[in-house]
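Count residues from 1 along the sequence. When reading the values below, keep in mind they use all heavy atoms of this one structure, side chains included, and skip hydrogens, waters and symmetry mates.
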Amino acid sequence: MSLVQDEKVKGESLVIKDAITIGSDDLEKGVSNEKYGVQPRTDGVFWINPNPVTNNEKLISYAKLCLLALPWIGVQCIWAAEFGTTTPYLQAMGLSEQWASNIWLSGPLMGFFVAPIVGSLSDKCHLRFGRRRPYMIGGLALLGVVSTLLACSKYFGDAGLGVAMAMFILMDGTINVIQTPLRALIADFAPPEQQATGQLMAATFQGLGGLIGYFIQKFLWTDPLEILPLFMVVLAINIVFVGITCFFVTEEHFPQAEGEKTTVAEPFVHLFKSIRGLSGKLAIVGSCVFFCWWALFSWWPTSSTWYMTIVMDGCCEDPSVAGYNGVCTDESYADCLEGQAINADVNILANVAQLVISLFIALLMNRGILVRVRFVWSALLVFGAALLIGSKFIT
């Protein structure tokens, strides 16, 4: 494999000197990359070896990729908390069943508008702290404010439902402010040959984060209106993992070019131009991803309510509240709580499955056993679609 002299690869923080060819004999002996001129940066910027040779170098590269993907644990925790609790919470606050479903349209809309804007602005961020970390930390601060107000909205009296709905919508935006630069962080630092491994690590940590989120939810969420303890623990988890990555991953400072301008409309213009120019295969992949997210957003927000009211035939208004004169009985409310517990258990198992499958696929890819990933992907899509369709017939 040839190394080209003095080639600076954008986003990899890499300088390669003294073009030479690495021989197979040296690879078998595990000779360090230092012999071949692959030099780490000396300016303090985070760097991942693009061609680890020795076992120690490979271990360090994997550890650094893990460090880049680490905040996904916290991000998926907050998604798990939101998906599992907010629909029952809003309904307990007085929101109708129809609007409790319709309000979830705000999630994809927030993702559509916030993610491109944040991505474009972070690409052209010129702070000395870096391009991605300022937005991750800013998004984390906003998440703390919004999630706290959402969880405490029941104390706002008549305005409580309005506050809860507004904070619910804003929460999706703040999560996108964190996860958009987080995705870019892996693309910035992982060398091209390690990009797939980095993304699989992100998927693995997402599974782990969902597992932790639903496990915590199982013990801390015992009443539809009591979400504050859960949200505070999840916020603390995000602070820890985002903080670790932002502390150790030092970014390069890119000074502002003369005459450079950024507009809010720019990412959307670029987006629609890119969609129009998609080739046949990319258009197929994009359509698959679109319908995958459509299906997921049809399931995630409603799964807790589905288990509580459809599977268990429960009624989720607490009849023990003073002055209650609704239709729920102690027995139907107990069925609702049992459905809530089942939802947590099922999502724990689902995230264990995601964790195992992601690790297994990563292992097969790294060993060169699995080359045509699309066959595995398509088989899993068909299996998941069949299960979603089957859930319709459970009454």
CE on M93 to CG on L225, rounded to 0.5 Å: 7.0 Å

Pairwise distance CG(L150) to CD1(I169) - rounded to 0.5 angstrom: 11.0 Å

Before giving the answer on side chain to side chain contact (heavy atoms under 4.5 Å, CB included), spell out for T305 and Q91 the whole-Å C-alpha distance, their side-chain angles and the decisive distance to 0.1 Å. CA-CA 10 Å; T305 305; Q91 287 182 299; 3.9 Å; yes

If you count heavy atoms of other groups shown closer than 6.0 angstrom to CZ of F129, is the number above 12? yes

Is there a donor in the side chain of [X] and an acceptor in the side chain of [Y], or the other way round, less than 3.5 Å apart?
| X | Y | value |
| --- | --- | --- |
| N56 | T54 | no |
| Q179 | W79 | yes |
| N351 | N347 | no |
| S122 | R132 | yes |
| Y62 | T197 | no |

Using modelled atom types only, decide if a donor and an acceptor are shared between the side chain of [X] and the backbone of [Y] within a distance under 3.5 Å.
| X | Y | answer |
| --- | --- | --- |
| N238 | L140 | no |
| S332 | T329 | yes |
| S120 | P116 | no |
| E331 | G314 | no |
| T174 | L142 | no |

Is the NZ or CZ atom of K64 positioned over F189's six-membered ring, under 6.0 angstrom from the centre and within 45° of the axis? no

Do the ring planes of W306 and W299 sit parallel (below 30°), tilted (30 to 60°) or perpendicular (above 60°)? perpendicular

Could you check whether W104 and F83 have their ring centres less than 6.0 Å apart? yes

Salt bridge or not for E251 and R133, using N-O below 4.0 Å? yes

Between E226 and K154, is the closest basic N to carboxylate O distance under 4.0 Å? yes

Less than 4.5 Å apart, side chain to side chain, heavy atoms only: is that true for [X] and [Y]?
| X | Y | value |
| --- | --- | --- |
| Q340 | S304 | no |
| C66 | F205 | yes |
| T85 | F231 | yes |
| M308 | P88 | yes |
| H126 | P255 | no |
| Q195 | Q199 | yes |
| L68 | F46 | yes |
| I237 | I212 | yes |

Establish whether [X] and [Y] are linked, either directly or via other cluster members, by ILVMFWY side-chain heavy-atom contacts under 4.5 Å.
| X | Y | answer |
| --- | --- | --- |
| I137 | Y135 | no |
| F219 | I227 | yes |
| F383 | F360 | no |

Looking at every heavy atom in both [X] and [Y], which two are closest together, and how far apart are they?
| X | Y | value |
| --- | --- | --- |
| L143 | M171 | CD1-CG, 4.2 Å |
| L220 | P229 | CD1-O, 4.0 Å |
| C315 | C336 | O-CB, 3.5 Å |
| V177 | G139 | CG1-CA, 3.5 Å |
| W72 | I186 | NE1-CD1, 4.3 Å |

May I have the step-by-step check of side chain to side chain contact (heavy atoms under 4.5 Å, CB included) for M312 and Y307, ending in yes or no? CA-CA 6 Å; M312 296 305 300; Y307 280 109; 5.6 Å; no

Evaluate whether the separation between SG of C328 and SG of C316 stays below 2.5 angstrom. no

May I have all residue pairs that pass side chain to side chain donor-acceptor pair (under 3.5 Å) and include part of residues 279-293, sequence neighbours excluded? none

Side chain to side chain donor-acceptor pair (under 3.5 Å) pairs, two or more places apart, involving residues 215-225: K218-D345, D223-Y333

Excluding sequence neighbours, so at least two apart, what forms side chain to side chain donor-acceptor pair (under 3.5 Å) with D172? none

